[in-house]
Amino acid sequence: MLYAILCYHDEDVVWSWTKEEDDAVMGRLAVVRERLAPVIGPSARLLPTTAATTLRKSPEPIVIDGPYAETKEQLLGFYVIDVEGLDAALDVARQLAAANPGGAYEIRPIALYQPDKRVP
Amino acid sequence: MTDMGWINGAITGARPAAIGALLRYFRNLDTAEEAFQEAALRALKSWPANGPPRDPAAWLILVGRNAALDGLRVQARHTALPPDEVLSDLDDAETPLAERLDGSHYRDDVLRLLFICCHPDLPATQQIALALRIVSGLSVAQIARAFLVGEAAMEQRITRAKARIARADVPFEAPGAAERAERVGTVASMIYLVFNEGYSAGGDTARSPLCDEAIRLARLLLRLFHTEPEIMGLTALMLLQHARLAARFDAAGEAILLEDQDRTLWNRRMIAEGLALIDKAIRHNQPGPFQLQAAIAATHSRAVGAADTDWAGIDALYAALERMQPSPLVTLNRAVATAKLHGPEAALSMITPLEERLSGYYYYFGARGAFLAQLGRLAEARAAFDRAISLADTPAQAAHIRHHLDGLLRPA
């Protein structure tokens, strides 16, 4: 079963990390990724919401500066994982959380997954 | 990262919103700052045991407000009651806090805080010191080190700024549209001054965190003005310049020219963010000085190697900047692009009229020397380089020119 793990956190906090703190978190996450290599698929870390642009799909689409939703915690990235079921997905999320505390993970089952055709 | 690392990050991240809200309650910078500090101390004790709160800013505001109110009550027993206006906002303390803490309140609070730190009555040096102390939360010692002044002098500068704001009787209402635009411009200039202090210091570790701090402040401002292309330009400009930090100096601390830098050392994440922001800004079709400078930096960032640089594009952008904001420094920078496009002769005649106005300027004589050397006018080049060395602000600048002088001695 494919799940997306959506990473939410206060971007003010995350983008206040010093390089050392950021490197430390990334280093610990790399260890988890290594350990969970068979189940963790593609992942992405997003730039701050200030870099975002939103296209409103009105009949005449409108382009708006900034993120879709103004929230206290922002979508900062995501993982795609392939596991047995929810318990296993939660276990992956717990291991990621131990490496990168703060914020929340939303575990969301994937309905349709189209892998990257550019990569053989 | 340790627990403490995460907690410090959360406190720093929440700081502008929390101090902004506390300032709304107490209408006094010192009280707001002390309330926040008390709340931060309690957070350091409580969060490791209880886990971080869902909304760190709301937690810090509530705890800080209660702590400060306790303080005021204790004081009241010893002295006269504080004047009504100090407490006037507190009558409705029963109002559910959640209602007062929605995102829009945060925005107004943070904006008010930035406007107060950049109050027009304050000289730029005081605006910077106040913003770094109050909004960024740097210690007085850190700010003093960054600006190469004594701690006592910096403490005095900040105290004076606060006193001036208290005297100025700052209105706490949001200013009207016209004044708002003007004051946003002042905040943007303050942020860029902070950045330049860090940028010009190069590898100096006490000063380079100023660049990160300025970028953080710019993102904060951009979140308040999501659609303002000049704020996008400012943020992009600083990201694109700061991205080159690791490549700008050699092991001996000597400056490495842009064209000689190892571009693999450039920070790709900062460049991606800067390019995204300049792309967004350009869509607005309202060019401004920050956007143009960011576009110039972006052109350099997009070149895979120095030889791939689009000098014609850079020359055109500098020409636009010259029209918008005429300055001998802009012309001096444009001359570098002109030299690449049309040769050193054209560049030299472009900068020669600037000599009187830039007679005390290191970069002018450095550039002049380089153009003369390219033309084979070695004696004149040597004179210009000597002049540049005498005007150098840092040993790295002087060493850089000496390197050029050595080049003159070597047979071509």
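Below, chains carry the letters A, B, ... as their sequence lines are ordered, and counting in each starts from 1.
- Residue A:Glu20: no heavy atom, backbone or side chain, is found under 4.5 Å from chain B.
- Residue B:Arg216 touches chain A through its side chain alone, counting heavy-atom pairs closer than 4.5 Å.
- Counting non-hydrogen atoms of other residues, nucleotides and ligands closer than 6.0 Å to OH of A:Tyr68 gives a total of 12 or fewer.
- For B:Gly13 against A:Ser16, the heavy-atom pair with the smallest separation is CA-OG, 4.1 Å.
- Contact check for B:His226 versus A:Ile64: no side-chain heavy atoms found under the 4.5 Å cut-off.
- Atom CZ of A:Arg35 is surrounded by more than 12 heavy atoms from other residues, nucleotides or ligands within 6.0 Å.
- Inter-residue side-chain proximity for B:Arg54 and A:Glu73 is flagged as met; some heavy-atom pair is nearer than 4.5 Å.
- Under the 4.0 Å criterion applied to side-chain N and carboxylate O atoms, A:Glu70 and B:Arg107 are assigned as salt-bridge partners.
- In A:Arg108, the CZ atom is not crowded: 12 or fewer heavy atoms of neighbouring residues, nucleotides or ligands sit closer than 6.0 Å.
- Judged purely by distance below 3.5 Å, without hydrogens or angles, the side chains of B:Arg223 and A:Thr49 never pair a donor atom with an acceptor atom.
- Distance OG1/A:Thr53 to NZ/B:Lys280: 4.5 Å, rounded to 0.5 Å.
- Neither the backbone nor the side chain of B:Ala17 comes within less than 4.5 Å of any heavy atom of chain A.
- Taking CG from B:Leu224 and OG1 from A:Thr50, the interatomic distance works out to 11.5 Å, rounded to the nearest 0.5 Å.
- The CD1 atom of B:Ile231 lies 12.5 Å from the CG atom of A:Asp65; values are rounded to the nearest 0.5 Å.
- Note: A:Asp22 leads A:Val14, A:Asp22, A:Thr71, A:Asp10 in heavy-atom pairs under 4.5 Å with chain B.
- Heavy-atom distances place both the backbone and the side chain of B:Arg269 under 4.5 Å from chain A.
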